[in-house]
Structure formats: C-alpha cells, structure tokens
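Written below as structure tokens is the structure these notes are about.
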There are 2 protein chains.
Amino acid sequence: MPEERSTRDRVLDAFERLLVGAGSRAATLDAVAADAGVSKGGLLYHFHSREALVEGMVERLREQARADVAKMVSAPQGPVEFYLETSVDSGSDFDRALIAASRIAQENDAGARTALADIREAWFDVLNEHLGDIALARTIQLIGDGLYFDDTTGLAHPDALTHVREVLKRLP
Amino acid sequence: MPEERSTRDRVLDAFERLLVGAGSRAATLDAVAADAGVSKGGLLYHFHSREALVEGMVERLREQARADVAKMVSAPQGPVEFYLETSVDSGSDFDRALIAASRIAQENDAGARTALADIREAWFDVLNEHLGDIALARTIQLIGDGLYFDDTTGLAHPDALTHVREVLKRLP
DNA sequence: GTCTATATTCAGATAGAC
DNA sequence: GTCTATCTGAATATAGAC
C-alpha cells in the first residue's frame, strides 16, 4: 500500500498550490499552513523559514524533473509529442511544481532560476538529439514555453495544440 | 519640447520596474515610492491604494496596446516579423508594462487578466488576417509567447529568434 | 501636491508546552 | 512532531502640517 503523504510533502504541495493559484504574495506561511492543514508552528518545524520552504520545493522539483526526462527519452509517442503534450497543463504534480518554481524564479531567486534553466537544458538536449536539428528543436521548445505560459496566465486557447501539430506536419 | 514626466507616470514606471525586476512581493508601496523619488504620502495622493495602483497601470497598458497594434498593422517588415521582434524584450515602455501586467495577472487579478486577453486577441486578429491561416497564426503567437516567457523568466536563449525565422522559412 | 508622523494589520519567526 | 502564544518588523493606509 502507498504510504501516507508526509506532512513535509503536504506543506510543499500547499505552497505550490498557492503559488500557482494566487501568486507569491498570497503564499504566506499562514496561508500555506492552513492549506496544508497544519499549524504555523508545525510548518516551521519542517522548514525553518520561507527561504527554506523555497529550497525544499526546488529540491523536490529537481527530483521530479529527472523522472520526467527519463520518461521523455523513452516515450512511445516520441519526445516531441511527449514534450508538447506535457506543456499543456496536465495538472500533474510535476507541472504544478514547475509553474510554482517559475513564480519564484520571477522574483529573482537564484535557486529556482538555475533549476529551471537546468531542466530546460535537459529537455532541449533530448529534443535536439532526437531531431538532429538545433533550429527546430529550439522552435519546438519555444512553442512548448508558449503553451505553458498561456496556461499559467489563464490565457490558454483550447485548439492551440491541434494547430501546432498541423503546422509541424507541413515541415519537410 | 517634451513635457516633464508627471509624478503619476513616474510612480507607475517605478511600480512596473519593480514588478518586472523583483516581482509583486518586492513591489511594496515603500519600494515604489522610493524608486519613483517620492514619499509614500505623495504616492498615495495619486493612488489611494495598492489596488488603485494596479488599476492605473492596467489602464495605461491598454492605451499603449492600442498604439502598438496600430504600428503592427502597418509595419514595413510585416505584422509577423514585427510581432516576433517585439516579443523579444526590447526594453520598451510597452514591454515593461506588458510584463508587469502579466505578473499581476498571475495573482488572479481580473483587470490585468482581461486586459492581457484583449491585447492578445487583437494581435491574433492582425496575424490571422494577414496570414489567412488560423493554425499558423496561432503557432506564431505561441512562439511569441515562448520568447516572451523565456525573457521574463531570465531563460532567454540568444539565438532563439534566428532559429525561429529559419524554421518559418521552411514552411510551404 | 507633497511631506512627516502615526495607526493598524499582517507576515515571518521564536519559545516553550504537550 | 505539532500545537499555542507571543515578539518583531514590515506593509498598507490615514491624518494633518506645509
């Protein structure tokens, strides 16, 4: 049977949920604790400061990213389709962690920014190796970023992915 | 001779600079006032609350957007190239306003979110009318969003725009 | 229109009981 | 490991002098 989610993980989940849903200003220790169903004291036992909370989140994101890249490499539908599909918010834990980290990165946090840069580089390497075409790999990564940005800003268009597939098919 | 920038405008400029450079959490009334070279009391004379500051910013953004769309329609290099070029952070006032508004939109602010949706719709209409190709127009808009997202998250790649141009040239 | 001073509320963090 | 109580400083906002 699967283990109960630890308090530590539930706190990180809540932090990410608040970052994604309402932004960093709203992700206060009070709000995170309430959302995680723990007291502020309980939260601060696991993370001694807000900074530590961010660090814990980034660390967990790096682990999730390792698993994602592994799945991308051996995806049955191929890395490109796998990458595009997962750029449209799938609501997965990894997606949430990614969006949450980008919120923190926008605040000039070096840890979050470096982690995101590393993850993007890993994705690009897989795309580039599979396609053998730097320009196309980069363009596909940009399209993924666009899909992702639109989702996270509430600007997503329902047909976006279909349209992208159609345009990519036209390429020689 | 050009008029002096009003205090009101300098306050909005400072608010945007802080939102873009350090995020909403850092864009406190204190910080905005200091950056604008005015006292907090002086700031609050022009904007009675933080909310009013956001509203003022969004209102100004809409005006800037009207001018941008007009330029896009009649750009000598064509709307597509104009759109892609200006999706890479050009450091213009309009860019800054756009990025600042997206920071606020991420906090679930209806005003900022609606304004951005309206502006994106206007851009799409110009692309679609020019190209006569919904899928391609949408894909180009996504690429623009990707360029823009990368810039604003500090993840921009220097050759990105060159690579995109190269791929677009391959399309029939 | 802009300032200083101040009130109020809230976020981050500590101490210590259980 | 989790709680309550509490301290400190910061953020938003008001009042009133200039």
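In what follows, every chain begins at residue 1, and chains take the letters A, B, ... in the order their sequences are listed.
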Query raised in the report: Looking at the side chain of B/L44, which of C/dT2, D/dA13, C/dG12 is the nearest nucleotide?
Result: D/dA13
Report summary line: Against the side chain of B/R25, the closest entry in C/dT2, D/dT2, C/dG12 is C/dG12
Query raised in the report: Nearest to the side chain of B/V38, which nucleotide is it out of C/dG12, C/dC3, D/dT12?
Result: C/dC3
Report task. Measure the distance from CG on B/L18 to C1' on D/dA11 and round it to the nearest whole Å. Result -> 14 Å
Query raised in the report: Choosing from D/dT2, C/dG12, C/dT2, which nucleotide comes nearest the side chain of A/R50?
Result: C/dG12
Report summary line: Quick note, B/D30 side chain, CB onward, closest among D/dT2, C/dT2, D/dA11 is D/dA11
Requested in this report: Would you mind telling me which residue lines up with the more 5' stretch of DNA chain D, A/G37 or B/L29, judged by nearest nucleotide?
Outcome: A/G37
Report summary line: Testing D/dT12, C/dA13, D/dA13 for proximity to the side chain of B/S49, the answer is D/dA13
Report task. Specify the closest pair of heavy atoms between A/Y83 and A/I140, including all atoms of both residues, with the distance to one decimal. Result -> CE2-O, 3.6 Å
Requested in this report: Return the value, rounded to whole Å, for the distance between atom CG of A/L43 and atom C1' of C/dG12.
Outcome: 11 Å
Report summary line: Per nearest nucleotide of DNA chain D, the residue lying toward the 5' end, A/R8 or B/T28, is A/R8
Query raised in the report: Do the non-hydrogen side-chain atoms of A/L53 and A/L12 ever get within less than 4.5 Å of each other?
Result: yes
Report summary line: Closest to the side chain of A/K40, out of C/dA13, C/dC3, D/dT12, is C/dA13
Query raised in the report: Looking at C/dT2, C/dA13, D/dC3, which one has an atom nearest to any side-chain atom of B/Y45?
Result: C/dT2
Query raised in the report: Are side-chain heavy atoms of B/D68 and B/I119 found at a separation under 4.5 Å?
Result: no
Query raised in the report: D/dT2 phosphate, OP1 or OP2: any side-chain N/O from A/H46 under 4.0 angstrom?
Result: yes
Report task. Measure from CZ on B/F47 to C1' on C/dG1 and round the result to the nearest Å. Result -> 14 Å
Query raised in the report: Quick check: does any side chain N or O of B/D150 sit under 3.5 Å from a backbone N or O of A/D145, one acting as donor and the other as acceptor?
Result: no
Query raised in the report: In terms of the angle between their ring planes, are A/F149 and B/F149 parallel, tilted or perpendicular, with boundaries placed at 30° and 60°?
Result: tilted
Query raised in the report: Nearest of C/dC3, C/dA11, D/dT12 to any side-chain atom of B/S39?
Result: C/dC3
